[in-house]
Amino acid sequence: MDILFKNDDFVFSYRVGGILIRNGKILLQRPKDDDYSIIGGHVAAMETSIETLKREFEEEIHTKIEVDNLLAIGEIYFPWGKRPCHQICLYYNVHLVNYDIPLDGVFHGYDGLDDKRIDLDFCWVPLEDLKNDVKVYPQELVPYILEPKKEIVHFVSKQIYKMRL
């Protein structure tokens, strides 16, 4: 069960994402007809953020990772159906423990959700391409990926959902 708080008017979500960079490329997820996104997921009950990241990479890409430093904390706002959602996401740098995934190009993974297989696409995107407006969600994280800071960064997304009064 995801740690997700919701009522009739509002949703709150807590997620983690893993930034995996190798040989000048970043590993991203590419949903069909959508922006690239950082790999990760909702923090499950009784899990730490680090346990969640390791689980998500193992479930979706079938590889093991180690979690390095916390890079950024993002506050993201978007519509969740007809309700506004405020999502807190912790973004960690991660690295591969072994190399049982392709180290270049596009490859496929899958996730099992409600006893259904969901196919997922992953690809290694050159960091240079991030400078040229490749759409990565959340876009506000891109400058910190390209030029990491020594301190943990906090950002608020510009994708603010306008709440009805």
Side-chain angles (χ1 to χ4, degrees), residues 1-4 13-76 78 85 87-155 157:
M1 171 67 79
D2 295 338
I3 296 180
L4 189 66
S13 174
Y14 171 37
R15 291 176 61 91
V16 291
I19 298 164
L20 179 53
I21 295 174
R22 188 170 191 283
N23 295 337
K25 296 180 181 177
I26 183 169
L27 183 61
L28 298 172
Q29 185 176 347
R30 182 80 188 263
K32 302 228 180 300
D33 301 321
D34 205 348
D35 295 346
Y36 292 98
S37 62
I38 305 298
I39 299 164
H42 283 102
V43 177
M46 307 304 290
E47 261 186 344
T48 66
S49 299
I50 291 171
E51 290 168 339
T52 296
L53 261 183
K54 289 181 178 183
R55 175 181 53 77
E56 288 288 336
F57 271 81
E58 197 158 332
E59 286 176 359
E60 295 180 359
I61 306 178
H62 314 290
T63 193
K64 294 190 182 304
I65 60 162
E66 285 299 321
V67 179
D68 296 326
N69 62 301
L70 179 62
L71 173 72
I73 301 169
E75 290 188 57
I76 301 165
F78 57 93
C85 180
Q87 185 176 86
I88 301 293
C89 191
L90 307 179
Y91 294 97
Y92 289 89
N93 287 309
V94 300
H95 67 269
L96 295 171
V97 171
N98 48 36
Y99 298 99
D100 33 338
I101 62 170
L103 299 178
D104 203 1
V106 175
F107 65 97
H108 306 286
Y110 62 87
D111 197 3
L113 199 60
D114 298 329
D115 296 324
K116 294 179 185 171
R117 179 183 162 127
I118 299 170
D119 291 321
L120 304 168
D121 293 330
F122 300 93
C123 56
W124 291 93
V125 176
L127 291 173
E128 277 298 311
D129 289 1
L130 296 185
K131 294 177 185 176
N132 300 323
D133 294 329
V134 166
K135 297 296 180 208
V136 176
Y137 178 79
Q139 194 67 39
E140 293 83 4
L141 184 59
V142 171
Y144 308 113
I145 293 171
L146 295 173
E147 294 184 33
K149 307 286 183 211
K150 290 185 180 180
E151 69 278 353
I152 298 169
V153 176
H154 174 257
F155 68 87
S157 74

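All of these numbers come straight from a predicted model, not from anything done at the bench.
- Distance check: I38 CD1 to L141 CG gives 5.5 Å after rounding to the nearest 0.5 Å.
- For C89 against G17, the heavy-atom pair with the smallest separation is SG-N, 3.9 Å.
- Here the CZ atom belonging to R15 is positioned 10.0 Å from the CG atom belonging to L53, to the nearest 0.5 angstrom.
- Nearest heavy atoms, V134 versus Q139: O-OE1, 3.7 Å.
- How far NZ of K25 is from CG of L130: 12.5 Å, rounded to the nearest 0.5 Å.
- Rounding to the nearest 0.5 Å places NZ of K54 at 14.0 Å from CD of E56.
- Residues K131 and L146 have side chains in contact (heavy-atom distance under 4.5 Å, counting atoms from C-beta outward).
- Counting heavy atoms from C-beta on, the side chains of I26 and I145 come closer than 4.5 Å.
- Neither side chain, D119 nor H108, offers a donor N or O lying under 3.5 Å from an acceptor on the other.
- Here the closest non-hydrogen pair linking A44 and T52 is N-OG1, 3.8 Å.
- Of the residues Q29, R30, K135, the one that meets the side chain to side chain donor-acceptor pair (under 3.5 Å) test with Y36 is R30.
- Without hydrogens or angle criteria, W124 side chain to P102 main chain gives a donor-acceptor distance under 3.5 Å.
- For the atom pair E140 CD and E75 CD, the distance stands at 11.5 Å (nearest 0.5 Å).
- Using a 4.5 Å cut-off on side-chain heavy atoms (C-beta onward), E47 and H42 make no contact.
- Between Y91 and P138, the closest side-chain pair of non-hydrogen atoms falls below 4.5 Å.
- With a 6.0 Å radius and a threshold of 12 heavy atoms from other residues, nucleotides or ligands, E51 has its CD atom above the threshold.
- Interatomic distance, OH of Y137 versus CG of D35, reported as 9.5 Å (0.5 Å rounding).
- Counting heavy atoms from C-beta on, the side chains of I101 and L27 come closer than 4.5 Å.
- The minimum heavy-atom distance linking V106 with C123 is given by the pair CG2-CB, 3.7 Å.
- The side-chain heavy atoms of N23 and D104, taken from C-beta on, include no pair separated by under 4.5 Å.
- Considering every non-hydrogen atom in both S157 and I76, the closest pair reads OG-CA, 3.4 Å.
- Side-chain contact between L103 and L96 is present, with heavy atoms from C-beta onward closer than 4.5 Å.
- Under the rule for a side chain to side chain contact (heavy atoms under 4.5 Å, CB included), the partners of P148 that lie at least two apart in sequence or sit in another chain are L71.
- Looking at every heavy atom in both residues, F122 comes nearest to E60 through CE1-O, 3.8 Å.
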